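Below: the structure, in C-alpha cells.
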Number of protein chains: 2
Amino acid sequence: MVTLAEVAQHAGVSASTVSYVLSGKRSISTTTRQRVERSIRELGYHPNAGARALASSKSNIIALMVPLRTDMYVPVMMEIAIAVATTARTHGYDVLLLTGEEGPDAVRRVTGSGLADAMILMDVELDDERLPLLRGTHQPSVLIGLPADITGLTCVDLDFKATGALCVEHLAMLGHRDIAVIGEAPAVYERHTGFAVRTLEGLRSRARELGVRLLHRPCEGGYDAMALTLARILDERPGTSGFVVQNESAIEPLLALLRQQGRAVPEDVSVVAVCPEQVATQASVRLTSVAIPAQEMGRHAVERLVAKLDGRGADEVVLISPELTVRASTGPAPSSTT
Amino acid sequence: MVTLAEVAQHAGVSASTVSYVLSGKRSISTTTRQRVERSIRELGYHPNAGARALASSKSNIIALMVPLRTDMYVPVMMEIAIAVATTARTHGYDVLLLTGEEGPDAVRRVTGSGLADAMILMDVELDDERLPLLRGTHQPSVLIGLPADITGLTCVDLDFKATGALCVEHLAMLGHRDIAVIGEAPAVYERHTGFAVRTLEGLRSRARELGVRLLHRPCEGGYDAMALTLARILDERPGTSGFVVQNESAIEPLLALLRQQGRAVPEDVSVVAVCPEQVATQASVRLTSVAIPAQEMGRHAVERLVAKLDGRGADEVVLISPELTVRASTGPAPSSTT
DNA sequence: ATAGGCTGTCGAAGCGCTTCGACAGCGTCT
DNA sequence: AGACGCTGTCGAAGCGCTTCGACAGCCTAT
C-alpha cells in the first residue's frame, strides 16, 4: 500500500507538501504540484481514509437512514437513496446506509464514533424519537419528511398538505361533490408518518372550504384489500365520483375493480393519484397525478447538508410545491352534466 | 468527545487495558472489566472509527455497489440492500452505498483508500469490467449475480437457468406446446445482464428437450409496450397458450390485456411469473410464480463475505434453487382437453 | 524451595494523515 | 540599502486507537 510519505520521497518533497497539493489549502508552485501529481499517478496512490478521518476529524461520509419496513413507496425510497448517493459523490462524500432497525441507537453510534460527518433521515414520524438526539448534537442533519416540531431542524419534503389540497381542488373544479380517499396502510397512519397525515390534512381542510364531502379509508395494497375497501366506500357513499389514491399498490387494483364494475374512468368516476411519475404514466389508464419528486428530494437534502457542513446555510424547511398533471383519469363529474 | 484515554483514567487502568476489554483479545479479570465497562457507560464513550481503522487497518465497513439505473426490479434491489445492511450489522459491519455510476473507479477508490474492508456487487454483467479489478485485489468480494467467468470469484444468485427450466416444465406438464416469454427491457439483454440471459438459456434448453415451442420477446414495462408486444406475439404464434413473464412492470399490463381480449386466465392461457413473492400474491390474479428470494440473497452475500474476512471460506458459487409455487394463473392447456 | 508457566496489566511504538509554526528566498517599498 | 511582506516549503506534533513485548504476581510441578 502506497503512503503519503512514499509519494513525497518519490517526488523529492516533504510529506506536508504532498498533503497540501492534495487539499489545496496552501499555495504550491506549479512545478512542484505537477511533480507531485505525477508521482501520485505513477505510484497509484490513494489516501488512506482512516488516517484522514483521524487527522482531520472529518470522514467525508454522510449517513443515510432508510426505513426498514417495505410497506410503502419502495421505489421512491430507492430513488431517493440513489439520488442521495449520486449527489453526495459530486460533493466528495460517500454514503453510509443505515436501516431504521437500530433506531435512535444508530444515531448515537454514528455521531459518537465520527463514522459520518452528517446524516439524512428518511421516513420521519411526526414525533420521531430520533429528533431529540439530532437537536442535541452538533452534527448537521437533514430530514426527508416533516415532523410536527421543526425547531432546530432542517427538512426537505414535498408539500403534502398542498398536495392534498390540490387533488381536492382539481376534483371539485370538475364538479365532483363526493370524494373518496384511498390511503396508505393503516399502520402508516398509526405510526403518524408525516406525509400521510399531512396529505390528509390538506385534503380535509380544502374539502371543507370547497364544501365537498370527503371519505378517507386506509388500505393495504393488493386486490383483495382494495376490493373490500372499495365495496365499503361505495356502500357508505354510493354517489362517490372522485377518488384520490395515495398508495402505489392500490392504484392498479382500484382501476381494475372500477372497470370490472362497469364504472368508466374518467366518464363515470375520476381518479387522482399521488405517486411517482412513472407509475402514473405506466398505469392502465394514464393517471392524472401529483408526482412525488424523489430525485429532487434526495438532491436537495444532500445540498442542504453540504451547505451546513461548509458553514453556509442554516436550519430551514424546504417544501417542494406539488404539481398536478392532468392526464386521462379525470373528467367532469357525471351529475354536473345532468 | 470522550477518548479511550479518558475512560482509562476514569477507570484507573491503562489505555491498552480498555482496548482489550473492548476487543476481548486478551483476558481481563472480571473486576477490571466491570470497572471499565462502567466507566464507558458513565462517560458515554464511543470508539472513534477513524482511529480504529487507522490502527487496525480494518474499517468494519462493507461496500455495496448498486446499479444506478432503475429500469428493473427496483423493489428487489431495495430488499437486497436492506437485507445486506441488516445482516452486516449483526456481524458488526456497516454498509457503504456505492452507485454503479463510477463503475470500476469506485472499486479502485474503495479498495485503495481502505474505506471498506470488502465489497458486494449487484447487477453483474456477464463480462463485467469490474471483475479484473476484483481478481487483482486481495480485498474479499461477493457478487450478487453470476458472470460468465467465475474463476477466483464468489457469487450468490438465484439459479436462473433452473428457474427458466422450471417455468417451461410446469407449462409443458400442463400440456402447453406454444410458450411465449415476456422478458426484461431490450437494454437489459443488450448489456448482457447475467440473470436475464441465464433465464433465457434455461427456458430455451428445457423447451428444446421437452419439444415445446418458445418465443422470447423483450418488453419495456407499461401498458402500451405490453400491448404492442402481445399483439406481435399472438400474430406470430396465434396458438400461444402459456406465458412466462420476467418483468415486474409487464405483469399487470399483460393480465389486463388478456382479460380485455376475452382470454381467461387460467382457462384459456396460463401465466407463470418470475418475480418477488409479494408481487405474485398481490396481482389481480394470484400468480403461479418462481419467487426471487431477495432477502436470502442479501443475507447469503454478507455471510460469505464475513466468512472470507474471517479467513474461513473460500471462493464458491452459491446458487439458490428456484421454487415454483402454483397459484391461480396456470392450468391445463385448452387443446389438451380437446 | 525453585523453576516454569499462567494470567492480567502496562508502556510505548506506531498506523498515515493534517496542520501549525517556522523560515528561506525573493520582490517591493521607502 | 534596509525593512517588510509574500510565497512556497519543511519539520514536527499530534489525531485516538491497536498491539507487541515486558513483566509482576501467583500457582503448580518437581
Side-chain angles (χ1 to χ4, degrees), chain A residues 1-37 39-40 43-61 92 94 109-117 309, chain B residues 1-37 39-40 43-61 92 94 109-117 309:
Chain A
M1 212 197 161
V2 190
T3 70
L4 229 214
E6 290 171 309
V7 173
Q9 195 180 353
H10 185 270
V13 297
S14 76
S16 48
T17 301
V18 177
S19 178
Y20 287 122
V21 167
L22 251 27
S23 70
K25 292 193 179 167
R26 284 203 181 172
S27 54
I28 297 285
S29 69
T30 317
T31 59
T32 306
R33 185 201 323 289
Q34 288 175 346
R35 206 138 36 85
V36 170
E37 281 166 354
S39 297
I40 289 177
L43 300 178
Y45 169 71
H46 282 273
N48 178 309
R52 249 187 182 182
L54 177 56
S56 65
S57 337
K58 294 191 53 222
S59 62
N60 284 301
I61 289 180
D94 271 296
R109 191 168 61 83
V110 167
T111 60
S113 67
L115 227 189
D117 296 332
L309 284 166
Chain B
M1 212 197 162
V2 190
T3 70
L4 229 214
E6 291 170 306
V7 174
Q9 195 180 354
H10 186 271
V13 298
S14 77
S16 47
T17 300
V18 177
S19 178
Y20 286 122
V21 167
L22 251 26
S23 70
K25 292 192 180 169
R26 285 202 182 173
S27 56
I28 297 286
S29 70
T30 316
T31 59
T32 306
R33 186 202 319 290
Q34 288 175 345
R35 206 139 36 84
V36 170
E37 281 165 354
S39 297
I40 289 177
L43 299 178
Y45 169 72
H46 282 273
N48 178 309
R52 257 193 172 176
L54 177 56
S56 66
S57 330
K58 294 191 53 224
S59 62
N60 283 302
I61 289 180
D94 271 297
R109 191 167 62 83
V110 167
T111 59
S113 66
L115 228 189
D117 296 331
L309 284 165

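Naming: A, B, ... by sequence-line order, numbering from 1 per chain. Keep in mind it's a predicted model, so treat the numbers as computed, not measured.
B:Gln9 CD: 12 or fewer foreign heavy atoms inside a 6.0 Å radius.
For the segment residues 45-61 of chain A, the set of residues with a heavy atom within less than 4.0 Å of an atom of DNA chain D comprises A:Leu54, A:Ala55, in numerical order. In the region residues 14-32 of chain A, proximity to DNA chain D at under 4.0 angstrom, judged on heavy atoms, holds for A:Ser14, A:Ser16, A:Thr17, A:Tyr20, A:Arg26, A:Ser27, A:Ile28, A:Ser29, A:Thr32.
Here B:Leu43 contributes atom CG and B:His10 contributes atom NE2; the two are 4.5 Å apart, rounded to the nearest 0.5 Å. Note: B:Tyr45 OH to B:Met1 CE = 8.0 Å, rounded to the nearest 0.5 Å. Summarising the geometry, atom NE2 belonging to A:His46 is positioned 14.0 Å from atom OG1 belonging to A:Thr3; distances are rounded to the nearest 0.5 Å. Note that the CG atom of A:Leu4 and the CG atom of A:Leu22 stand 6.5 Å from one another [nearest 0.5 Å]. Taking CZ from A:Arg35 and OG1 from A:Thr17, the interatomic distance works out to 9.5 Å, rounded to the nearest 0.5 Å. One distance of note links OG of B:Ser19 with CZ of B:Arg26; it measures 10.0 Å at 0.5 Å rounding.
Straight-line distance from the CE atom of B:Met1 to the P atom of D:dG14: 19 Å, rounded to whole Å.
Between B:Arg33 and A:Leu4, the residue anchored nearer the 5' end of DNA chain C, judged by the nucleotide with its closest heavy atom, is B:Arg33.
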Considering only nitrogen or oxygen atoms on both sides, find all protein atoms under 3.5 Å from nucleotides 24-27 of chain D and state each distance.
none

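Residue B:Val36 forms a side chain to side chain contact (heavy atoms under 4.5 Å, CB included) with just one option from B:Ile28, B:Val21, B:Thr31, and that option is B:Val21. Across B:Asn48, B:Asn60, B:Ile61, a single residue satisfies side chain to side chain contact (heavy atoms under 4.5 Å, CB included) together with A:Leu115, and that is B:Ile61.
The two atoms that bring A:Ala53 and B:Gly50 nearest to each other are CB-CA, 4.1 Å, heavy atoms only.
For A:Thr111, the side-chain hydrogen bond (donor to acceptor under 3.5 Å, both in side chains) criterion is met by no residue, not counting sequence neighbours. Under the side-chain hydrogen bond (donor to acceptor under 3.5 Å, both in side chains) criterion, B:Asp117 pairs with B:Ser59, sequence neighbours left out.
Remark on the helix from C:dA1-D:dT30 to C:dT30-D:dA1: inter-end axis angle 40°, axes from five-pair C1' superpositions, rounded to 10°.
One N or O on the side chain of A:Ser113 and one on the backbone of A:Arg109 form a donor-acceptor pair closer than 3.5 Å.
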